[in-house]
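Here is how names work: the chains are called A, B, and so on, in the same order as the sequence lines, proteins then strands, and each is numbered from 1. Because the structure is predicted, anything quoted here is derived from the model rather than measured.
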Amino acid sequence: MAGPMKMRATLAGGYTDVRVLMTHPMTTEQQTKGQPHFIQNLTVKVNGKTVIEGEISQAVSRNPVFSFRLKGGAKGDQIEVSWLDNKGDTNKTETAVA
Amino acid sequence: MMQKRRGLLHAAGALLLAGLLKPMAALAAWNKAAFSSKTSAEALKSLGTPSAEASGGILIEAPQIAENGAVVPIEVTSNIPGTTSIVVLVEKNPYPLVAKFEFSEGALPFVKINAKMGETSDVRVIAAAGGKHYQATKEIKVTIGGCGG
Amino acid sequence: MKRILACALLALAFTPAAAQEKSPFADYQRMTAEGSPVELFELGGEELWKKKQGPNSASLERCDLGQGPGVLKGAYAALPRYFKDVDRVMDLETRLLHCMTTLQGRSAAEAAKRVYGNADSPSEMEYLSAYIAAQSRGTKIAPGRSHPKELAAYELGRKLFFHRAGAWDFSCASCHGEDDKRIRMSELPVLSKPEFARPVMATWPAYRVSNSQFKTMQWRINDCYRQMRMPEPVFGSEATVAMNMFLTATAQGETYRGPGTKR
Amino acid sequence: MNRLLLLPIAAALVSCAATAPAPAGGRPKVGAADLDQVTAVLRRDFHERGQAKMSRVELDEVQRTCNLHGDNPPPEVAKRIEDAQLKTIRFPAGSLIGNWKAGEKLAQNGRGAMWSDKPGDGGGSCYNCHQISPQETSHGTLGPSLLGFGKKRGNGPDMQRYAYGKIYNAKAYNACSQMPRMGHSGTLDEQEIKDLVGLLLDPESPVNK
């Protein structure tokens, strides 16, 4: 069961600042003697349209925190961030631009 | 025929829910070759970006010295017009490639991540714009904090 | 007249000229705090505060942390303090343990069985401390400084801070006693001086990036005694609450801005 | 005083009136009764764990004296402590210079004597407080730098004896030193102390390059 996520999207001088926090162990091969468990794919959507696709690795810190910037944006835009890890677990969170 | 196929779909759905089937993992792109490369040159080759021109248009904001390598904040901004992707590598990590981000309409070429660094190393960032590749590097020192107890 | 003078000196201590020069880790500390997952622990704490548990299947929402039953705003910044219902001084974790037993009907042994968690599963105390401390952001640190038992706790904490014992003859002051000293590359604040205690106590409890764990003051005191080569302090014992009182009172007046993010 | 400076003072006076200024947190005066009170609290509020037994809360002569005098005993009291502590040191025969490479490992190792350690495991935690070899930049500053220790002081028998004794029991040379008594407390054994003496005095050690 994936742990909680938290996201904040705020208008900041011409762009939308998106900060997303994810609960995930992001363990490495070395730590787990070959059974790493980490997020591989990240997707950021604005009003349903994918704007950022990320491929990340076991070299991203545990409980990852990402900041992104979206062009322009207006109050109420729906932002969704989802992740998928190497064991098939997924989670996503949504928020409206404040 | 319809009946059978719907039955199959239900079964697949049930298996999916039970997490026995790998749902989208196989579908979503994840460049295994690049992420398993032991050198940044090898990783870049697997990403199809063998060479990249040094450019001042890539800004890397990161601490000069990190108290702990488990979390090293790295903020990348590409001011190169038409930037479509940003790749972050830590040269001396066992697997240098840390992350790759692709930006389409609606997103600025910017990202801030927390990366793990095994030791003091150069961080290398590659930006793709207009079919060409650009790069910048910054050294981050990693020390041992605390009493080692 | 003496108090006015003390106040004046206090003010001068905060004019820019007296600010310490930038530590080599200032950027690292700022950026890790900005990009910290600590709020995830606050979420976990909110859930536990409201979760019905124990034989009484009750939540902690009626727990009185000193500002009245269930009042969270500014409660952490006013701890440790004296509680009439138990006639003793308590810090946050001691008070939470009290509410777990009285409101939820849990046995103290069960509730305190696993007070220190780990990266894979933080403890209830850690989640709850993150959530409750966050509700004091922006409030001035003001522990109890009037009741005789509060003053006694402060004095006991002060004696403990300078008391050398254990296999390596250490007191807290052995490491936290001289300005501008380091262990390895870690700067050691002189916690018996207000100007050094303030930024520390304003950011505990805290998320530690080195092991991705959220840590509380009881853990902090416990782990210091471990590294002082002393036997282990009992969780929530009078000695630990007294030490917490001494450190918090020394930082009194600072605006609380935790939970923090540390190495 | 220019008007600008008055502002913070005025503000502080106001805030001071609201909350009492932080209490002066300096070292308290402690007498024998205070030490007994604190020791009684430790006996009650601490418990044994692993190798950290409860006997560790009982004060010996050094700890009692240094606590009573705030680490600053009068000269004749300090002398009495140092003489008594010197007698606790068992100096092995022959050369006291061990294997500096092993010494470097011991100096790097921050564990030892804690409840989380197995008895005998761990090292000297030397880099926590001292600069030793020039290559290690992550070193502490609680103790003096030991860079070039042997090169500056020579490595004859007297200096070997001083270095060995200081690591074995630092209080034999400075009654209330903050440096732990590594040999006396059983944290380091004879060979380990000789290896650390090697790190300090061996001309081949990076400390003396």
More than 12 heavy atoms from other groups under 6.0 Å of [atom1] on [X]:
X	atom1	answer
B:E119	CD	yes
A:K45	NZ	no
A:K49	NZ	yes
B:Q64	CD	no

If you define the side chain from C-beta out and look only at heavy atoms, does anything of [X] sit under 4.5 Å from [Y]?
X	Y	value
B:V111	A:F68	yes
A:T28	B:Y95	no
A:R19	B:K112	no

If I take atom [atom1] from residue [X] and atom [atom2] from residue [Y], how far apart are they, to the nearest 0.5 angstrom?
X	Y	atom1	atom2	answer
B:F103	A:K71	CZ	NZ	11.0 Å
B:K32	A:N86	NZ	CG	9.5 Å
A:E55	B:L97	CD	CG	8.5 Å

Practice task
Counting only heavy atoms closer than 4.5 Å, note whether A:T43 contacts chain B via side chain, backbone, both or neither.
Solution key: neither

[X] side chain to [Y] main-chain N or O, any donor-acceptor pair under 3.5 Å?
X	Y	result
A:N41	B:W30	no
B:K116	A:Q58	yes
A:S57	B:F35	no

Practice task
Find the one option among B:N31, B:I113, B:V98, B:V71 whose heavy-atom pairs under 4.5 Å with chain A are most numerous.
Solution key: B:V98

Exercise for the section: Sort out for me which of A:T50, A:V46, A:I56 touches chain B most, counting heavy-atom pairs under 4.5 Å. Expected result: A:I56

Practice task
Provide the closest heavy-atom pair for A:S61 versus B:A70 in the form atom of the first, atom of the second, distance.
Solution key: OG-O, 2.8 Å

